Every structure is written in structure tokens, then in C-alpha cells.
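Here is the structure we will look at, set down as C-alpha cells.
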Amino acid sequence: MKTSPESLKSSLENNFVEKFERISFDREMRLIAEQLRDQARQELKYDGFMCENKQRLMDSIKVVPGSKKDEYLVISEGDYGKDLEFGTRNSLEKPWFTPAFVTVTRSIGNCLQGALKRALQKARRLHIRR
């Protein structure tokens, strides 16, 4: 019995989708979140006077796993970070997270592109072994 080109194509597509669903970007996403955390700390450190509240904010910035697969959150404790970022009725805004995000955004594409390239190479190796 001869296999038709359409069924061969369908089989190859199904095989690729099956392999691709198992690919995880967990390592890369965590790396990006850690870069964002570090950059946010740098923004705070080099932006003027270091008060006790700012030091506590820097110490509280953490990377935690999100609720979804390959998701990480950069969080801080308390309201000081929000008040500093957006200002209050009594103080002007002094953004620290937004500039950190803009800086790290430049490297996100390269990081994910590298991960995708490695995943495709792995998928090719798995296909060749069959």
C-alpha cells in the first residue's frame, strides 16, 4: 500500500506539532525575569538619594513563578514602588520599573529566538532518530 503525499504531509505536520508542544521556554523566561529584576534594582540604585524605603524596595524585588507554564512575575512588596513609579499627590513620579523594562525588552527577542532555534534543532534530531 502506497502512502499519498497528502497523508505524508499530514503525518509530518502532526509529528512536528506533537514535538513542538513539549518544548519549554521556562529557562529563557526565568532568565528574562531575572534580568528585569536586576535592571530594576540598578535603576533604583543609581537614581539619586538612597533612603531606607528605597533600600527596602530594592531588597523586596523578586522573581516568582506565575500561574501558567513558563510564566514568571517580577514583584515587590509594599506601596513605595508604586508610589515612586507613578508619583503621589505630594511627590512627582520617578519611574524605575518602566525604564528597566524598556532596557530588558531589547534582549527579549534575542533570548527567545535562541531558544526557538535550539528547540527546532532538538526537534530535527528527534525526527532523524526515528
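For reference, positions follow the sequence shown, starting with 1. It should be emphasised that the depicted structure is a prediction, and the values quoted were computed from it without experimental measurement.
In this structure, the side chain to side chain contact (heavy atoms under 4.5 Å, CB included) partners of Glu77, at least two apart in sequence or on a different chain, are Ser60, Lys62.
For the pair Leu84 and Asp47, the minimum side-chain heavy-atom distance is 4.5 Å or more.
Distance alone, capped at 3.5 Å, places no donor-acceptor pair between the Lys94 side chain and the Gly48 backbone. Using a distance-only test at 3.5 Å, with no hydrogens or angles considered, a donor-acceptor pair links the side chain of Glu85 to the main chain of Trp96. Panel note: side chain Glu71, backbone Ser67; a donor-acceptor pair is recorded below 3.5 Å.
Considering every non-hydrogen atom in both Ile32 and Val104, the closest pair reads O-CG1, 4.0 Å. For Val64 against Ile75, the heavy-atom pair with the smallest separation is CG1-CD1, 4.0 Å.
Side-chain heavy atoms closer than 4.5 Å link hydrophobic residues (I, L, V, M, F, W, Y) into clusters, and following such links, possibly through other members, connects Ile61 to Met50. Linking ILVMFWY residues whenever their side-chain heavy atoms come closer than 4.5 Å, directly or via other members, leaves Phe101 and Leu31 in distinct clusters.
Side-chain contact of Asp38 with Gln42: a donor-acceptor pair under 3.5 Å is absent, judged by distance alone.
For the side-chain contact (heavy atoms from CB on, under 4.5 Å) with Tyr72, the qualifying choice from Met29, Arg37, Glu34 is Met29, the only one to do so.
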* To do: Evaluate the criterion side chain to side chain contact (heavy atoms under 4.5 Å, CB included) for residue pair Tyr80 and Lys54; output intermediate values, then yes/no.
  => CA-CA 8 Å; Tyr80 186 71; Lys54 194 184 279 189; 4.1 Å; yes
